[in-house]
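Have a look at the structure below, then the notes.
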Number of protein chains: 2
Amino acid sequence: MTDEPALRADARRNRERILAAAEEVFLERGAAVSLDDVAKRAGVGIGTLYRRFPTREALLAAAYSARFLKFAAASRRRAEKSDPMSALRAYLQELVQHTNVYRGLAASLGAVLQVGTPGCLATSAEGARILQLAQTAGMVRADITFDDIVCVATAISLATQQNGSSKSQIAHLVDVFVHGIDNSKAAR
Amino acid sequence: MTDEPALRADARRNRERILAAAEEVFLERGAAVSLDDVAKRAGVGIGTLYRRFPTREALLAAAYSARFLKFAAASRRRAEKSDPMSALRAYLQELVQHTNVYRGLAASLGAVLQVGTPGCLATSAEGARILQLAQTAGMVRADITFDDIVCVATAISLATQQNGSSKSQIAHLVDVFVHGIDNSKAAR
DNA sequence: TTATATATGGAGGCATCTTCCACTTAGCAA
DNA sequence: TTGCTAAGTGGAAGATGCCTCCATATATAA
């Protein structure tokens, strides 16, 4: 949409510092830490942080962008070697795991994904693409949308974070959902 | 557990005022309003509010208790006239709708349900009961827990509150989940 | 009436968010 | 090189909200 007006060199440097600091701090202490702390860690004034990232979601989305880019690419590669259903299952499972990397991100996953960061865009696009494939192949109910997927990922992420999340529990819940959207009569 | 030590008359009166104020304010402005505002509306000091309700969840749960009691009773009545699967579906759908009555309750639904308010207890018990029935009848996969239900309700509530929630969207998501836990081979 | 356990209000300390603006600086044009 | 200026900066300050604490007030039982 609005193409960026090109940052000054120092501003770009500070932006990177903020992102690196955010990544660290979010990992250590969850997505709800004080933004003052992020600024401090970055060695930058709080005003600078706000100028670059007007909302917490914007910062979260930006910090996540690289991670999400990799995820989307990996998913794409995997999808080429497997049937759409398995690909979708794997996508969902990994989306949850990525969401769980920052404690407390789950509740805002929807909001974060809607920020137009490259990583978020790629992740959404890839998810929609796989879903479409599975539906075209008649493997998944036609009335499922990508928003449904995000909703489910949120749910699973929430659930596994409150208790002591385990990979197997995630797999279990993913399984339930995949079973729910499966279109074949003999599912399970 | 710990039976209440019987409040003094004035304390009981204030407690009621706080609950009434909380109900009003939560309805008007969501579950995240400042507790100071609730106290002000109730014509009571903030200290009094904290003495009676040590956490926001405790207050939410208490304010909700009556509503949840009715819900649980209605659900119970309905369950007698229908098969467990429909009952479960209706339960889940209404749980989401009730959760959406206060904007922003969704995120703490799990925490709220765990507060030992009569309404919360009844709601949990009723949900667990219906689930059990459906499982005993072999209609629902045995590996589903009531926590799974709460988790799904939370997510659906979150998702439908961010966008412009519509009854039909809720119904759709509930449907997907119910289909997912359905145990019959020929589901759908 | 009095003693006392119970209850009260709200000031105060703390954390965080967010805005704003006087000052600084990168980068360009002369 | 030297200004000039638009872009950028830091952090103080004002708001808001959480929660604790305690001097004061009051219900109630004896």
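Proteins come first, then strands; the chains are lettered A, B, ... in the order of their sequence lines, and each starts at number 1.
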For the pair made of [atom1] in [X] and [atom2] in [N], what is the distance, rounded to whole Å?
X      : N       : atom1 : atom2 : value
L35(B) : dT20(D) : CG    : C1'   : 14 Å
R17(B) : dG9(C)  : CZ    : P     : 9 Å
I18(B) : dT8(C)  : CD1   : C1'   : 11 Å
D10(A) : dA7(D)  : CG    : C1'   : 8 Å
L49(B) : dA7(C)  : CG    : C1'   : 14 Å
K40(A) : dA15(C) : NZ    : P     : 10 Å
R15(B) : dT6(C)  : CZ    : P     : 17 Å

Which nucleotide wins on minimum distance to the side chain of [X], given the candidates [options]?
X      : options                  : result
A11(A) : dG8(D), dG10(D), dG9(C)  : dG8(D)
I46(B) : dG8(D), dC18(D), dG10(C) : dG10(C)
L7(A)  : dG10(D), dG8(D), dT28(D) : dG8(D)
S34(B) : dG10(D), dA7(C), dC18(D) : dC18(D)

### Query
DNA chain D: D36(B) or R13(B), which has the more 5' nearest nucleotide?
D36(B)

### Query
Can you find an N or O donor on one side and an acceptor on the other, under 3.5 Å apart, linking the side chain of R8(B) with the base of dT26(D)?
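Pair found.
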
### Task
Identify whether V150(A) and L121(A) are in the same connected component of the hydrophobic contact network (ILVMFWY, side-chain heavy atoms under 4.5 Å).
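In one cluster with V150(A): L121(A), no.
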
### Query
According to a 4.5 Å side-chain heavy-atom criterion applied to Ile, Leu, Val, Met, Phe, Trp and Tyr, with indirect links allowed, do V101(A) and V38(A) form part of one hydrophobic cluster?
yes

### Query
Under a 4.0 Å N-O cut-off, is there an ion pair linking E16(A) with R13(A)?
no

### Task
Considering only NZ, NE, NH1 and NH2 on the basic side and carboxylate oxygens on the acidic side, decide whether D175(B) and R141(A) come within less than 4.0 Å.
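Yes, this pair counts.
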
### Output field: ring centroids F26(B)/Y64(B) closer than 6.0 Å
no

### Query
Which atom names give the shortest non-hydrogen contact between F68(A) and G119(A), and what distance separates them?
CB-O, 3.5 Å

### Message
Between E126(A) and S75(A), is there a side-chain donor-acceptor contact under 3.5 Å, judged purely by atom types and distance?
### Response
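Looking only at side-chain atoms, E126(A) and S75(A) do form a donor-acceptor pair, the distance falling under 3.5 Å.
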
### Task
Ignoring backbone atoms, establish whether N14(B) has a side-chain N or O less than 4.0 Å from OP1 or OP2 of dT8(C).
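True: N14(B) side-chain N/O within range (under 4.0 Å) of dT8(C) OP1/OP2.
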
### Message
Looking at dG8(D), I'd like to know if its phosphate oxygens (OP1 or OP2) sit under 4.0 Å from a side-chain N or O belonging to T48(A).
### Response
no

### Query
Near DNA chain C, under 4.0 Å by heavy atom, which residues of residues 50-61 of chain B?
R51(B), R52(B)

